[in-house]
Amino acid sequence: MASYTVDAKHLCDLPTEILLQILGYLDVSDLLATSRTSHLLRALSLAPILHHLRLRRTRAILPPMLTSPSRPSLADLIRRSIFMTNTTVVSRKLARSLVSIRLSRRLAARPSAEVLVERCVLPRECLPGASGMVAPALVARKRAVERERVKDGLRRWVGSVFRGEVQTREEGVRRWEERVGVGRVWRMRRFWERMSGSVGTAGGSDLRRG
């Protein structure tokens, strides 16, 4: 058999026959993902000869798998809900019918919108006869925005009152310090007054000596 080498740096550089053999071993999900990578691989993934090769390979590997001792039994398949018998199908349909009947009865017995409004479950804007009927979600959103606005107003008011009280308190403290003479400015003033008085006294004594 003649052998030849293929100088390929990319997967798409391989011959079409080799690419078909590679794609034939992929599962359906992997084949779908590969077909999205390039136009060439997409065209090969849709080629009928590729699916013919996949069917031939499946016919070759399926019989040994069916006769394998590791194959799960019918009881295991039924227990795992992989294989459903007629009894299982009928029981599931009956269960769905019972759920539907219970749901329809509960929906018919549910309170009306007027009763829910009276119980403060729904806002009055959600009544069908009200002008400009609004969905409950929109009403809840509107009320949340209104609450945030009220909170912002209260925060501004509390902040202004607090700042006013702080300013009033600071003004009272400043006046008290000025009156008592313990303020920083008054301390500096008294210091310089004492210094100027001492300097004047020293100058007068020098003049007397002269």
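Bear in mind the structure is a predicted one, so any value in this text is a computation, not a measurement. The first residue of the sequence shown is numbered 1, and numbering continues consecutively from there.
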S.K.: Taking side-chain contact (heavy atoms from CB on, under 4.5 Å) as the test, write out the residues that go with Ser45, two or more places apart.
M.R.: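 If we apply the side-chain contact (heavy atoms from CB on, under 4.5 Å) test to Ser45, skipping adjacent residues, the hits are Leu23, Leu31, Ser35.
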S.K.: With sequence neighbours left out, what residues match Arg119 under side-chain contact (heavy atoms from CB on, under 4.5 Å)?
M.R.: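 Applying side-chain contact (heavy atoms from CB on, under 4.5 Å) to Arg119 gives Pro111, Val115, Val121.
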S.K.: Does a side-chain heavy-atom distance below 4.5 Å link Arg57 with Arg54?
M.R.: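 Answer no - side chains too far apart.
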S.K.: Hey, could you give me the CD1/CG distance between Ile82 and Asp76, rounded to the nearest 0.5 Å?
M.R.: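 Between atom CD1 of Ile82 and atom CG of Asp76 there are 9.0 Å.
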S.K.: Restricting to side-chain contact (heavy atoms from CB on, under 4.5 Å), what partner residues turn up for Arg156, sequence neighbours left out?
M.R.: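 Expected list: Asp152.
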S.K.: Between Arg71 and Leu66, does a side chain to side chain contact (heavy atoms under 4.5 Å, CB included) hold up when you go through it step by step?
M.R.: CA-CA 7 Å; Arg71 178 190 177 189; Leu66 292 176; 4.0 Å; yes
S.K.: Between atom CZ of Arg105 and atom OG of Ser100, what is the distance when rounded to the nearest 0.5 Å?
M.R.: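 These two atoms lie 10.5 Å from each other.
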S.K.: Counting C-beta onward and ignoring hydrogens, is there a side-chain heavy-atom pair between Leu107 and Ser104 closer than 4.5 Å?
M.R.: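 No. Closest side-chain heavy atoms not under 4.5 Å.
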S.K.: State yes or no: do Leu53 and Ile18 share one hydrophobic cluster built from I, L, V, M, F, W and Y residues joined by side-chain heavy-atom distances below 4.5 Å, directly or via other members?
M.R.: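 Yes, because Leu53 and Ile18 connect within a single hydrophobic cluster, where side-chain heavy atoms sit under 4.5 Å apart.
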S.K.: Kindly compute the distance separating CZ (Arg42) from CG (Leu40), expressed to the nearest 0.5 Å.
M.R.: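 Between Arg42 CZ and Leu40 CG, I get 12.5 Å after rounding to 0.5 Å.
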S.K.: Would you give the length of the straight line joining atom CG of Leu46 to atom CG of Leu41, rounded to the nearest 0.5 angstrom?
M.R.: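 So the CG of Leu46 and the CG of Leu41 are separated by 11.0 Å.
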S.K.: Given side chains that start at C-beta, do those of Leu44 and Thr34 come closer than 4.5 Å, heavy atoms only?
M.R.: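 They are not in side-chain contact.
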S.K.: On a heavy-atom basis, which atom in Gly24 and which in Leu50 lie closest, and how many Å separate them?
M.R.: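 For Gly24 and Leu50, the tightest heavy-atom pair comes out as N-CD1, 3.6 Å.
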S.K.: Please tabulate, for side-chain N and O atoms in residues 85-92, each donor-acceptor pair with protein atoms closer than 3.5 Å (sequence neighbours left out).
M.R.:
{"unit_1": "Thr85", "atom_1": "OG1", "unit_2": "Thr88", "atom_2": "N", "d": "3.4"}
{"unit_1": "Thr85", "atom_1": "OG1", "unit_2": "Thr88", "atom_2": "OG1", "d": "3.1"}
{"unit_1": "Ser91", "atom_1": "OG", "unit_2": "Thr87", "atom_2": "O", "d": "3.1"}
{"unit_1": "Ser91", "atom_1": "OG", "unit_2": "Thr88", "atom_2": "O", "d": "2.7"}

S.K.: Quick one: CG on Leu98 to CG on Leu103, what's the gap to the nearest 0.5 Å?
M.R.: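 Going from the CG atom of Leu98 to the CG atom of Leu103 covers 12.5 Å.
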S.K.: Has His51 got more than 12 heavy atoms of other residues, nucleotides or ligands less than 6.0 Å from its NE2?
M.R.: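 Enclosed.
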S.K.: Scan for side chain to side chain donor-acceptor pair (under 3.5 Å) pairs involving residues 14-32, sequence neighbours excluded, and state none if there are none.
M.R.: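 Every pair satisfying side chain to side chain donor-acceptor pair (under 3.5 Å) with a residue in residues 14-32: there are none.
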S.K.: Does Leu154 have any side-chain contact (heavy atoms from CB on, under 4.5 Å) partners at least two apart in sequence or in another chain, and if so, which?
M.R.: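 Residues passing side-chain contact (heavy atoms from CB on, under 4.5 Å) with Leu154: Val150.
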S.K.: Around atom CD1 of Ile49, are there more than 12 heavy atoms of other residues, nucleotides or ligands at under 6.0 Å?
M.R.: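 Open: at most 12 neighbouring heavy atoms sit under 6.0 Å from CD1 of Ile49.
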S.K.: Check whether Thr37 reaches the backbone of Ala33 with its side chain - one donor and one acceptor, N or O, closer than 3.5 Å.
M.R.: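 Between the backbone of Ala33 and the side chain of Thr37 there is no qualifying donor-acceptor contact (under 3.5 Å).
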